[in-house]
Enquirer: 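Let me begin by handing over the structure; questions about it come next.
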Amino acid sequence: MLAIETATEACSVALFEDDTLLDHRHEVLGRGHAERLVPMIAELPDKGRAAHIRVSLGPGSFTGVRIGLATARALGIGWNAEVSGYPTLALVAAMAGRRRPGPVTVCMNGGHGQWFVQAFDAEGKATGLPLSQTPEEARRDNAGTFAAGNRAEELMAQDGPEAAALHLLPDARDVLALPSHSLTADLAPIYGRAPDAQRPAQ
């Protein structure tokens with residue numbers, strides 16, 4: 001199984017045989033996913049060829065999500081592989097659950113100074129939809145929770161230095177930690193916010 005994660009500034013791929021991680025790549029690029037993703041896959045054993053592909057659906061970087069999905073779809077056709085998607089925030093929640101079991105609020109970079117925020121229960125199931133919130137809104141709604149993500153420490157800053165926060169970026173090598181209910185055959189991207197461009201009123 002090949003896993004592809006491109007929804008944030010981190011770009012990562014991982015190749016598994018059953019439950020065994022064979023090889024992986026993880027780079028924090030910021031930009032440049034389009035140039036780096038396919039070479040990263042080609043660096044894996046057998047050039048990453050797999051019968052199953054898992055790919056991040058977002059929310060996150062609009063460009064990153066589209067690049068990951070386009071690559072997964074193309075490889076799925078070329079390899080006759082089954083492709084499934086997963087929410088990026090669910091992967092971060094699963095990564096956090098390995099380190100500290102229990103409910104968690106995932107807080108990640110959003111667009112235009114906002115954060116993507118979503119709460120998960122101890123089984124990794126989302127308890128609400130992903131929200132795009134200003135930092136003020138996110139702090140108001142999530143005081144006193146355990147948080148994970150690349151904005152988790154800022155989310156919990158108002159709760160003092162003892163507040164529980166894990167700085168995490170999604171990593172393809174952790175996709176096996178995802179609960180099965182997080183996987184979907186629907187490869188529609190999850191944008192997490194309304195588009196900036198609006199259709200003119202008629």
Side-chain angles (χ1 to χ4, degrees), residues 1-30 33 40 44 54-61 64-65 68 84-110 114-133 135 138-139 141-184 190 192:
M1 186 266 289
L2 173 67
I4 298 172
E5 174 55 63
T6 57
T8 69
E9 57 265 42
C11 183
S12 61
V13 296
L15 188 66
F16 300 87
E17 179 70 40
D18 297 324
D19 293 336
T20 301
L21 176 65
L22 299 179
D23 200 359
H24 76 280
R25 300 287 186 274
H26 181 87
E27 299 178 13
V28 180
L29 301 175
H33 293 59
M40 286 174 72
L44 299 173
R54 293 184 186 177
V55 61
S56 174
L57 301 176
S61 160
V65 170
S84 57
Y86 63 86
T88 306
L89 304 187
L91 176 58
V92 176
M95 292 170 63
R98 282 185 164 181
R99 294 159 174 80
R100 174 176 162 162
V104 61
T105 297
V106 176
C107 186
M108 302 291 296
N109 280 338
Q114 296 192 340
W115 297 341
F116 291 125
V117 184
Q118 190 172 23
F120 294 82
D121 65 19
E123 284 69 49
K125 186 174 182 179
T127 58
L129 296 173
L131 301 176
S132 182
Q133 295 185 303
R139 293 188 181 106
D141 295 344
N142 295 282
T145 64
F146 165 53
N150 63 354
R151 292 295 184 182
E153 293 168 327
E154 293 170 73
L155 177 67
M156 294 291 98
Q158 66 181 1
D159 291 353
E162 72 285 352
L166 280 175
H167 184 278
L168 292 174
L169 284 170
D171 193 325
R173 80 185 92 175
D174 288 303
V175 296
L176 294 184
L178 281 164
S180 58
H181 56 69
S182 296
L183 302 175
T184 177
I190 303 169

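Heads up: numbering here begins at 1 and tracks the sequence.
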Enquirer: List the steps, then state whether side-chain contact (heavy atoms from CB on, under 4.5 Å) holds for T88 with E5.
Expert: CA-CA 8 Å; T88 306; E5 174 55 63; 3.9 Å; yes

Enquirer: About how many Å separate SG of C107 and CD of Q118, when rounded to the nearest 0.5 Å?
Expert: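 Nearest 0.5 Å value for the CD-SG distance: 11.5 Å.
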
Enquirer: Run V117 and N142 through side-chain contact (heavy atoms from CB on, under 4.5 Å) and show every step you take.
Expert: CA-CA 9 Å; V117 184; N142 295 282; 3.6 Å; yes

Enquirer: Any donor and acceptor pair, going by atom type alone, linking the side chain of T145 with main-chain N or O of A147 inside 3.5 Å?
Expert: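 Not a single qualifying donor-acceptor pair exists.
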
Enquirer: Please confirm whether the backbone N or O of C11 pairs with a side-chain atom of T6, one donor and one acceptor, at under 3.5 Å?
Expert: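 Pair absent, no side-chain N/O of T6 close to backbone of C11.
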
Enquirer: Closest approach of F116 and N109, non-hydrogen atoms and distance?
Expert: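 In this case the closest contact between F116 and N109 is CD1-O, 3.1 Å.
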
Enquirer: Could you walk me through whether I190 and L89 satisfy the side-chain contact (heavy atoms from CB on, under 4.5 Å) test, starting with their C-alpha distance in whole Å, then the side-chain angles of each, then the deciding distance to 0.1 Å, before giving a yes or no?
Expert: CA-CA 10 Å; I190 303 169; L89 304 187; over 6 Å; no

Enquirer: Would you name the heavy atoms of A94 and A177 that are closest together and state the gap between them?
Expert: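 Closest pair (atom of A94, atom of A177, distance): CB-O, 3.6 Å.
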
Enquirer: Taking atom CE of M1 and atom CG of L21, what is their separation to the nearest 0.5 Å?
Expert: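 CG of L21 is found 9.5 Å from CE of M1.
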
Enquirer: Using side-chain heavy atoms (C-beta onward) and a distance below 4.5 Å, is H167 in contact with N150?
Expert: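 SC-SC contact between H167 and N150 confirmed.
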
Enquirer: Are the side chain of R100 and the backbone of A96 linked by a donor-acceptor contact shorter than 3.5 Å?
Expert: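 Between the backbone of A96 and the side chain of R100 there is no qualifying donor-acceptor contact (under 3.5 Å).
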
Enquirer: Looking only at non-hydrogen atoms, find the nearest pair between P170 and A10 and report the distance.
Expert: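 Taking every non-hydrogen atom into account, O-CB, 4.1 Å.
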
Enquirer: Might you work through the side-chain contact (heavy atoms from CB on, under 4.5 Å) test for V104 and L166, ending with a clear yes or no?
Expert: CA-CA 10 Å; V104 61; L166 280 175; over 6 Å; no

Enquirer: Specify the closest pair of heavy atoms between R173 and F16, including all atoms of both residues, with the distance to one decimal.
Expert: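 It is O-CZ, 3.5 Å.
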
Enquirer: Mind checking the CZ-CG spacing from R54 to L176? Nearest 0.5 Å is all I need.
Expert: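 One finds 6.0 Å between CZ of R54 and CG of L176.
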
Enquirer: Supply the atom-to-atom distance M108 CE to L169 CG, rounded to the nearest 0.5 angstrom.
Expert: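 Answer for the CE-CG pair, M108 versus L169, is 5.5 Å.
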
Enquirer: State whether the side chain of R139 and the backbone N or O of E154 hold a donor-acceptor pair below 3.5 Å, judged by distance alone.
Expert: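 Present.
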
Enquirer: Specify the closest pair of heavy atoms between W115 and A138, including all atoms of both residues, with the distance to one decimal.
Expert: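 Taking every non-hydrogen atom into account, CE3-CB, 3.8 Å.
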
Enquirer: Quick one: NE2 on H33 to CE on M40, what's the gap to the nearest 0.5 Å?
Expert: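 Separation between the atoms: 8.5 Å.
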
Enquirer: In Å, rounded to the nearest 0.5 Å, how long is the span from CG of L155 to CZ of F146?
Expert: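 Spacing of CG (L155) from CZ (F146) equals 11.5 Å.
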
Enquirer: Which heavy atom of V175 sits nearest a heavy atom of A3, and at what distance?
Expert: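 Where V175 meets A3 most closely, the heavy atoms are CG2-CB, 3.6 Å.
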
Enquirer: Using a 3.5 Å distance criterion without hydrogens, assess whether the side chain of S12 forms a donor-acceptor pair with backbone atoms of A172.
Expert: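 Answer holds: yes.
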
